[in-house]
Structure formats: C-alpha cells, structure tokens
Chemist: 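The structure that follows is given in the form of structure tokens.
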Amino acid sequence: LTPGVSASGNYDCLKTSGNPSWGVCADLPSTGNFGSADYFVYGNEIADSLTQCSGGTNSRLVYNIAKGVDHPLGIHPTGSGSGIHETSSCPIFSAQPDMVTGQSGVASNLDLGLTQGGTSHSSVPYDGRLEDAGGFLVRNAQGGTPATTLDDTPLWNYLVGGLSGACAGVNSPSQLEACIAQAKAANTVIFDDSIIDSPRFGFTALMWEPDFLNPGSDYHIQSYLPVFLDTTYYRCTATGCDTLHTPGVSESGTCPPAPERITCGTPGQANDTLQAVTSYVLELDILPAAAQTPFPGAANQRTFSLAE
C-alpha cells in the first residue's frame, strides 16, 4: 500500500528493514510499518487461488506479492469511519472491499513474493512476480539461497515512438524519470499497450493519508496508482548492498558504497536476500487505454493488483 503523499512523486521505495538507508529509501523508518496490506485470498479459478479468509498472514502476503490480489477492490468515499472491510467480506467477490488492515512489515515475504514464489494458497506452484528464466541472474544458489533470475526489460522499452523533449531517446533511469515528469505535467500518453504484459507493471492501493498516523490500524483505500517495479537490493548495510539489479542497466562489477539504480555485485553470497525494491510511480493519463481501463476500483475493473 502507498501513503497518499506518494501520489505526487515519480519514484518510491519499499523495504524490509533499516537498510538500505540511502537514496530513495533513505527517508523510510528503520522499524515499523513498511507498507504492506493484509489482503485475504478469496479463491479465484483464473488465478489458481485457494480460499483463505483467516490466518496465514505471512504466506498470504507472499502469494499476493507474487500473484496479485485475487479479487476486486473498491474505493472508500470519505477516508474515515466504517466501510466494506477486506476481512468481513471474504470470500464474496462482489463486495469490492474499500478498507484493509495494515501489516507491521514485509520482512522476508518481499523476497519470497518477488524472487521465489511458492505453493501456499494456490492450486499450482507459482514463481516470484519478477522471476524470468531468461532474465538477469541475481542469485546463483550459493550461501543457501536459491538460484534466481529476474525480468530484465526496462520501462523505457515500453515507450511509444516519436516522443520529443525529455522523452526523446530515453535509455537510462534518470532520463526516464525526467520523461515521466514531463508526461505527467502534459497529460501525455508515453507508453504502448505492451506495458500490461510486463511482470513489473501493476496497480497498488493509494491510502488516505491520515491512516498512516496509526500504523497497524485499518486503512481506507483512496484510489489506485499504476507502478512499475524497478531496482531490487540484496543484503544491504547502511552504506551499500552486495547486489543490485536495475532492469536494462549493464552490470558494473562490484557494488561501490551507496550505489543507486545500477546493476552490480556478485550474486550468491550468504544471506543474499532481497531487502528493498523501488518503483516508478505512474499515472493513468500517461498510460495507453489498454492499461487505463479497467483499473482497480472502476466498473469492470481488472481482477488483480499488486499487494505492496
């Protein structure tokens, strides 16, 4: 889930602990709620999901990150008071809950959901959301961690042709962020339909800001933000990480102190688990019609959204 203030930014971070404590992740707290929501699994044949309306908090978070929320969600009209709650509505698909309980942190569930997958709450085994056998190696199974390769297609690969200004000739993260800012200001569609096929693209719930003053309480869903998951960070300290992967960015050897949005490191060190992921924060106005409609909270909405 995302606090309302994040809607004004172009880039955001979700992390599991105090580290990394630099770059876009620097201002997040070292302990406490890092923005996960306690969605239940309503049971959806299309998503191969098995109904669970109580318990299984951590394993449900893994499933929801890997596969997406398996049922329609709504929008709370006021941001306060009672509403249609995620818990009491399970497993009624037509309920479209507009309130959900916050979790105290994502911990290792982020790593499992994005890079390993599993079998819980599903009729068939599933990969992590970002796994791609033909992608970039981030772990090579040494140190007790599983071998993992991730999707390596950058967001700029989904730009339409013929763009001008900051969006002309984009081939790096910094150029892309400037392009997104330009597109938001002008309400210009800059992506083509193929973006909806990327495992990095999805919607995350935007919560009413006052709810974040009471971590662990119920959250009211204000709207939904389209996002594109970007850099992943592995085994981090306050000043650097063992491995970073930014899709579409060439590997640059050993990670220097406090690197950002690069690909570096030697996968396979002990305890090289995923500790953070950053994402581009998009807007409906800069997406093609195929990615705009339907979206969560709208009539005939998409069935799935990102859980984080």
Side-chain angles (χ1 to χ4, degrees), residues 1-14 23-28 35 68 73-77 79 129-130 151-209 212 221-232 246-250 260-262 277-302 304-306 308:
L1 56 90
T2 306
V5 68
S6 294
S8 61
N10 296 323
Y11 210 68
D12 202 3
C13 174
L14 178 71
V24 69
C25 298
D27 296 330
L28 295 182
L73 299 172
I75 293 176
H76 197 279
R129 171 171 287 273
L130 298 183
D151 170 73
D152 196 32
T153 305
L155 180 53
W156 57 81
N157 273 32
Y158 302 101
L159 291 172
V160 299
L163 296 173
S164 60
C167 291
V170 173
N171 61 8
S172 72
S174 59
Q175 292 174 348
L176 181 59
E177 193 167 345
C179 170
I180 290 172
Q182 173 184 287
K184 286 182 176 180
N187 296 323
T188 302
V189 174
I190 57 174
F191 299 108
D192 62 35
D193 289 354
S194 64
I195 191 173
I196 65 176
D197 297 322
S198 171
R200 294 179 175 273
F201 175 75
F203 288 88
T204 183
L206 177 70
M207 303 300 178
W208 288 84
E209 193 70 23
F212 279 78
I221 300 175
Q222 178 179 337
S223 184
Y224 299 87
L225 284 173
V227 296
F228 188 92
L229 303 180
D230 189 43
T231 303
T232 47
T246 301
V249 175
S250 299
E260 267 197 278
R261 298 167 75 174
I262 60 175
V277 59
T278 50
S279 62
Y280 293 97
V281 180
L282 310 175
E283 285 182 355
L284 289 178
D285 287 344
I286 69 174
L287 295 172
Q292 286 190 30
T293 306
F295 65 96
N300 302 313
Q301 65 185 316
R302 294 188 183 282
F304 316 111
S305 63
L306 293 180
E308 66 272 13

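Any value given below was found using the heavy atoms of this structure, including those in side chains, with hydrogens, waters and symmetry copies removed.
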Chemist: When you look at V281 and Y11, which way does the side chain to side chain contact (heavy atoms under 4.5 Å, CB included) test go after all the steps?
Modeler: CA-CA 5 Å; V281 180; Y11 210 68; 5.9 Å; no
Chemist: Before you tell me yes or no, could you show the steps for E260 and T278 under side chain to side chain contact (heavy atoms under 4.5 Å, CB included), namely the whole-Å CA-CA distance, both residues' side-chain angles and the distance that decides it to 0.1 Å?
Modeler: CA-CA 10 Å; E260 267 197 278; T278 50; over 6 Å; no
Chemist: How close do D152 and G248 get, counting heavy atoms only, and between which atoms?
Modeler: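 Closest approach of D152 to G248: OD1-N, 3.1 Å.
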Chemist: Would a distance-only check, ignoring hydrogens and angles, find a side-chain to backbone donor-acceptor pair under 3.5 Å from Y158 to I190?
Modeler: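 No; zero donor-acceptor contacts below 3.5 Å.
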Chemist: Measuring only between side-chain heavy atoms, which start at C-beta, is C179 closer than 4.5 Å to L159?
Modeler: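 They are in contact (side-chain heavy atoms under 4.5 Å apart), so the answer is yes.
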Chemist: Show, in sequence, the C-alpha distance, side-chain angles and deciding distance for I221 and M207, and conclude whether the side chain to side chain contact (heavy atoms under 4.5 Å, CB included) test is met.
Modeler: CA-CA 5 Å; I221 300 175; M207 303 300 178; 3.9 Å; yes
Chemist: Could you check if a side-chain atom of D230 sits within less than 4.5 angstrom of a side-chain atom of S279, using non-hydrogen atoms only?
Modeler: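 In short, these two side chains do not touch, never coming nearer than 4.5 Å.
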Chemist: For the residue pair T231 and V24, establish whether any side-chain heavy-atom pair is separated by less than 4.5 Å.
Modeler: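 No, too far: nothing below the 4.5 Å cut-off.
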Chemist: Applying salt bridge (charged side-chain N to carboxylate O under 4.0 Å, His left out), which residue pairs with at least one partner in residues 164-177 are found, sequence neighbours left out?
Modeler: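 Pairs touching residues 164-177 that pass the test: E177-R261.
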Chemist: Could you list all the salt bridge (charged side-chain N to carboxylate O under 4.0 Å, His left out) pairs where at least one residue sits in residues 155-176, not counting sequence neighbours?
Modeler: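 Qualifying pairs: none.
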Chemist: Which heavy atom of A291 sits nearest to which heavy atom of F201, and what is that distance?
Modeler: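 Nearest pair, atom of A291 first, then F201: CB-CZ, 4.1 Å.
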Chemist: What class does the angle between the rings of F228 and Y280 fall in, given that below 30° is parallel, 30 to 60° is tilted and above 60° is perpendicular?
Modeler: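 Geometry flag for Y280 against F228: tilted rings.
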Chemist: With rounding to the nearest 0.5 angstrom, report the CH2 to CG distance, W156 to N171.
Modeler: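 Going from CH2 on W156 over to CG on N171, the span is 7.0 Å.
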Chemist: Would you compute the distance between atom CG of L284 and atom OG of S223 and round it to the nearest 0.5 angstrom?
Modeler: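 Answer for the CG-OG pair, L284 versus S223, is 7.0 Å.
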Chemist: Output yes when a side-chain donor or acceptor of Q182 lies under 3.5 Å from a complementary backbone atom of S164, and no otherwise.
Modeler: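 Side chain of Q182 to backbone of S164, a donor-acceptor pair under 3.5 Å: yes, one is there.
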Chemist: Does L155 form a side chain to side chain contact (heavy atoms under 4.5 Å, CB included) with L282? I'd like the steps, not just the answer.
Modeler: CA-CA 11 Å; L155 180 53; L282 310 175; 4.2 Å; yes
Chemist: What are the two closest heavy atoms between F191 and P288, and how far apart are they?
Modeler: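 Heavy-atom minimum between the residues: O-CD, 3.3 Å.
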Chemist: Just jot down the salt bridge (charged side-chain N to carboxylate O under 4.0 Å, His left out) partners of D151, sequence neighbours excluded, or say none.
Modeler: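 By the salt bridge (charged side-chain N to carboxylate O under 4.0 Å, His left out) rule, D151 matches R200.
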Chemist: Kindly say whether I262 contributes a backbone atom to a donor-acceptor pair with the side chain of T246 at under 3.5 angstrom?
Modeler: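 Yes; at least one donor-acceptor contact below 3.5 Å.
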Chemist: Check A168 against L163 and note the closest heavy-atom contact, atom names and distance.
Modeler: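 Here A168 and L163 meet closest at CB-O, 3.5 Å.
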Chemist: Taking the side chain from Q292 and the backbone from L287, do they hold a donor-acceptor pair closer than 3.5 Å?
Modeler: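 Pair found, side chain donor or acceptor close to backbone of L287.
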Chemist: Return the CD1 to CG distance between I195 and N157, rounded to the nearest 0.5 Å.
Modeler: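 It is 11.0 Å, given to the nearest 0.5 Å.
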